[in-house]
Amino acid sequence: GNEQVLNNGANRAVQRLPALPVAVDGVFKDAPSARFSFHGTAQMKYLFDLLGRRIGSRIDGEIRILNAEGKEIASNDDAPGLGKEARLEFTAPATADYTVEVRNVEEMTGADSYYRLKVRQVVPDFALSIATDRLTVPQGGTATLPVTVERIGGFNGTVEVTLEGLPNGVTAPTLVF
């Protein structure tokens, strides 16, 4: 996408996130947590996605949102469908400064405890995924291609999936979700 990438390295200070969307690459080198500040707008939805195992790291990630007084107001550990990965959709209760803390729940540190934190405003959207990178169809036969639709940010419209560029003689119906 058009997100900026900020490299956090092993920085222990609270860093200000640049304009969204943004991705922060970091390593839990000396401490199992890192903090970033951001300015939230009242009633705006933000998506915080902490990638660890999805990018080959050994971390068990957690995301916490803290208000200006340092009180936890939202958190996620082990998002549904993501195993030990954290993803949090947060609606800012007021226009104010907030802190996002990412941490390795298992408190491990080191070069293999790296992460990527992606932050963006939530807009209604969807994502499609398939569980395979190839499909074998015997001549004259049929095959099933499982398609998963993830609805994001309150998206409730229909999604049509059409397969194009199929070999001669191969057809697939348009799927509507």
Side-chain angles (χ1 to χ4, degrees), residues 1-129 148-157 159:
N2 59 352
E3 66 195 9
Q4 300 178 57
V5 177
L6 173 68
N7 191 329
N8 186 43
N11 194 337
R12 296 289 307 272
V14 175
Q15 285 188 299
R16 186 94 181 153
L17 290 177
L20 304 183
V22 66
V24 179
D25 291 334
V27 178
F28 296 124
K29 187 175 180 181
D30 300 316
S33 66
R35 288 184 173 192
F36 306 91
S37 64
F38 67 99
H39 188 75
T41 302
Q43 301 311 306
M44 180 73 66
K45 286 185 180 183
Y46 300 91
L47 180 68
F48 297 85
D49 194 4
L50 181 60
L51 289 80
R53 298 192 180 189
R54 286 175 283 168
I55 59 171
S57 175
R58 66 179 182 149
I59 72 163
D60 176 359
E62 179 185 44
I63 302 168
R64 297 186 334 135
I65 306 295
L66 312 173
N67 65 14
E69 291 75 43
K71 179 183 176 206
E72 179 182 301
I73 55 175
S75 68
N76 178 264
D77 176 20
D78 303 343
L82 293 179
K84 293 187 176 286
E85 300 278 77
R87 181 183 288 160
L88 175 66
E89 196 170 287
F90 168 72
T91 302
T95 297
D97 287 330
Y98 298 92
T99 298
V100 56
E101 178 186 73
V102 295
R103 72 184 200 101
N104 185 358
V105 174
E106 297 171 353
E107 298 194 352
M108 293 185 290
T109 59
D112 58 353
S113 294
Y114 52 90
Y115 63 89
R116 173 170 269 206
L117 173 65
K118 297 172 76 170
V119 184
R120 65 175 175 83
Q121 290 182 1
V122 175
V123 294
D125 198 0
F126 65 91
L128 296 175
S129 61
T148 302
V149 176
E150 178 185 5
R151 294 172 186 278
I152 302 165
F155 179 82
N156 60 4
V159 177

Identify, with sequence neighbours excluded, every residue that meets side-chain contact (heavy atoms from CB on, under 4.5 Å) alongside [X].
X     : value
Arg64 : Arg35, Glu62, Leu66, Glu72, Ser75, Glu101
Ile55 : Leu51, Tyr114, Arg116
Asn67 : Glu69, Lys71, Ile73
Thr41 : Met44, Tyr46, Thr95

For this session: Work out which heavy atom in Gly61 is nearest to a heavy atom in Ala86; give both atom names and the distance.
Result: O-CB, 3.5 Å

Exercise. For Pro93 and Ala42, which heavy atoms make the closest approach, and how far apart are they?
Worked result: O-CB, 4.4 Å

Nearest 0.5 Å, please: how far is [atom2] in [Y] from [atom1] in [X]?
X      : Y      : atom1 : atom2 : value
Glu107 : Phe28  : CD    : CZ    : 11.0 Å
Leu47  : Leu88  : CG    : CG    : 8.0 Å
Asn76  : Leu50  : CG    : CG    : 9.5 Å
Asp60  : Met108 : CG    : CE    : 8.0 Å
Gln121 : Leu20  : CD    : CG    : 6.0 Å

Problem set entry | Flag side-chain contact, heavy atom, 4.5 Å: Tyr115 against Asn104 | no

Exercise. Hey, are the side chains of Val119 and Leu17 touching, using non-hydrogen atoms and a 4.5 Å cut-off?
Worked result: yes

Seminar exercise, completed: Between Phe36 and the options Val14, Val22, Leu117, the side chain to side chain contact (heavy atoms under 4.5 Å, CB included) test singles out Leu117

Problem set entry | Where at least one partner belongs to residues 52-83, residue pairs that pass ring-ring contact (aromatic ring centres under 6.0 Å, His included), sequence neighbours excluded | none

Problem set entry | Pairs meeting criterion ring-ring contact (aromatic ring centres under 6.0 Å, His included) with involvement of residues 52-104, two or more places apart | Phe38-Tyr98, Phe90-Tyr98

Exercise. Which pairs count as salt bridge (charged side-chain N to carboxylate O under 4.0 Å, His left out) when at least one residue sits in residues 85-96, sequence neighbours excluded?
Worked result: Lys45-Glu89, Asp49-Arg87, Arg54-Glu85, Arg87-Glu150

For this session: Any pair with a residue in residues 90-100 that passes salt bridge (charged side-chain N to carboxylate O under 4.0 Å, His left out), sequence neighbours left out, goes on the list, sorted by first then second residue, please.
Result: Arg16-Asp97

For this session: Would you please test Lys29 and Thr109 for side chain to side chain contact (heavy atoms under 4.5 Å, CB included) and show each step?
Result: CA-CA 5 Å; Lys29 187 175 180 181; Thr109 59; 6.0 Å; no

For this session: For Asp112, enumerate each residue passing the salt bridge (Lys or Arg N to Asp or Glu O under 4.0 Å) test, keeping only those at least two apart in sequence or located in another chain.
Result: Arg58

Problem set entry | Pair Glu106-Ile59, side chain to side chain contact (heavy atoms under 4.5 Å, CB included): steps then yes or no | CA-CA 7 Å; Glu106 297 171 353; Ile59 72 163; over 6 Å; no

